[in-house]
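Everything below concerns the one structure shown next.
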Amino acid sequence: MSSSIAVSAQGPEHAPQAEQLAKKLGLPRAQPGRHYELLLHCCDTGLELVDKREKKQKRTVRVDFAKGQAAHRRRQQKKEMLVRAVGITEGMPPAVIDATGGLGRDSFILATSGCRVQTFEQVPLIAALLEDGLQRARLHPETKKIAERITLIQEDARITLQRMQRTGQKTDVVYLDPMFPKRQKSALVKKELQLLHILAKKDIQPDRLFLAALQAARMRVVVKRPVKSSTLTELPPSHSITGKTIRFDVYMI
Ligand SMILES: C[S@@+](CC[C@H](N)C(=O)[O-])C[C@H]1O[C@@H](n2cnc3c(N)ncnc32)[C@H](O)[C@@H]1O
């Protein structure tokens with residue numbers, strides 16, 4: 001990570017959390033009077049990542065499933081292409097491994113549709129933001145049940161997928177959303193993606209992740225792609241679900 005980054009606390013009551021996080025993530029505590037490009041900020045509303053690289057425009061990313069876009073998408077879930085791609089039918093929600101958890105929006109949509117989701121995120125800072133959002137969602141009456149269906153594992157998903165291959169264990173569906181090569185229209189997505197791009201440096205070899213996914217899935221593997229980009233590997237998908245900007249390639253097992 002090339003940016004300077006530190007952990008800050010809104011007030012003394014948030015200091016123990018900031019201390020604990022700094023230790024866990026191997027980051028310094030923010031020192032008064034020093035400028036940092038990114039701040040992981042512990043505050044009343046939860047954990048947020050503040051991008052201070054542009055002086056005029058401070059950007060903040062936090063995971064909040066109870067409000068905003070995530071809540072909207074939850075209401076719109078029937079329309080979600082993701083739900084169709086994963087093959088969710090009434091009363092039969094598959095068990096899903098979301099191997100590229102990120103900020104958890106897709107995991108949340110799947111959990112909203114009844115799936116039990118094991119979400120993997122390999123970048124500790126991103127996993128910390130997601131865990132914070134999930135913890136708050138577990139306390140909110142509207143999102144509690146959904147959030148309880150999601151288990152977050154901070155690890156390279158390949159470790160688990162390869163172990164499953166060795167032991168012959170399977171899950172119903174493996175879902176992959178490897179980092180897009182930039183270009184997104186919505187300002188919100190842009191803001192979040194920019195930060196994910198900075199942090200998720202290790203999002204490499206998604207083709208290997210895909211091959212491991214094929215071995216671990218009982219029913220299908222679903223890969224999210226930008227609408228015009230090529231498939232992740234040379235293997236052609238069984239079918240694709242195509243929207244305006246994104247596409248889901250579905251590989252039936
Ligand atoms: C485009 S983002 C996923 C966004 C996510 N679908 C959402 O709805 O918020 C890709 C994420 O996958 C993570 N990732 C990539 N390869 C991974 C792996 N092998 N194991 C775990 N996480 C991985 C990256 O760190 C990054 O946060």
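In each ligand, atom 1 is the first atom listed, and ligand 1 is the first ligand listed.
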Carboxylate-amine/guanidinium contact Lys23 Glu19, below 4.0 Å: no
Under-4.0 Å salt bridge between Asp172 and Arg218: yes
So, [X] and [Y]: side-chain donor and acceptor under 3.5 Å apart, yes or no?
{"X": "Thr171", "Y": "Gln118", "value": "no"}
{"X": "His239", "Y": "Asp249", "value": "no"}
{"X": "Thr100", "Y": "Asp177", "value": "no"}

Enumerate the atoms of ligand 1 whose separation from the nearest heavy atom of [X] is less than 4.0 angstrom.
{"X": "Ile126", "result": "27 (O)"}
{"X": "Val123", "result": "25 (O)"}
{"X": "Leu103", "result": "9 (O)"}
{"X": "Gly101", "result": "5 (C), 7 (C), 9 (O)"}
{"X": "Ala157", "result": "18 (C), 19 (N), 20 (N), 21 (C)"}
{"X": "Met179", "result": "1 (C), 26 (C)"}
{"X": "Asp177", "result": "1 (C), 2 (S), 3 (C), 4 (C), 5 (C), 6 (N), 10 (C)"}
{"X": "Leu209", "result": "19 (N)"}

Option from Thr112, Leu103, Leu134 for which side-chain contact (heavy atoms from CB on, under 4.5 Å) with Phe65 holds: Leu134
Residue part near ligand 1, for Ser107, under 4.0 Å between non-hydrogen atoms: neither
Decide whether an N or O pair under 3.5 Å exists between [X] and ligand 1.
{"X": "Glu121", "answer": "yes"}
{"X": "Lys224", "answer": "no"}
{"X": "Arg105", "answer": "yes"}
{"X": "Gln122", "answer": "yes"}

Glu155 heavy atom under 4.0 Å from ligand 1: yes
Polar side-chain atom of Arg247 near backbone of Val227 as donor-acceptor pair, under 3.5 Å: yes
Expected output: side-chain Lys224 to main-chain Leu82 donor-acceptor under 3.5 Å: no
Flag if over 12 foreign heavy atoms under 6.0 Å of CD, Glu13: yes
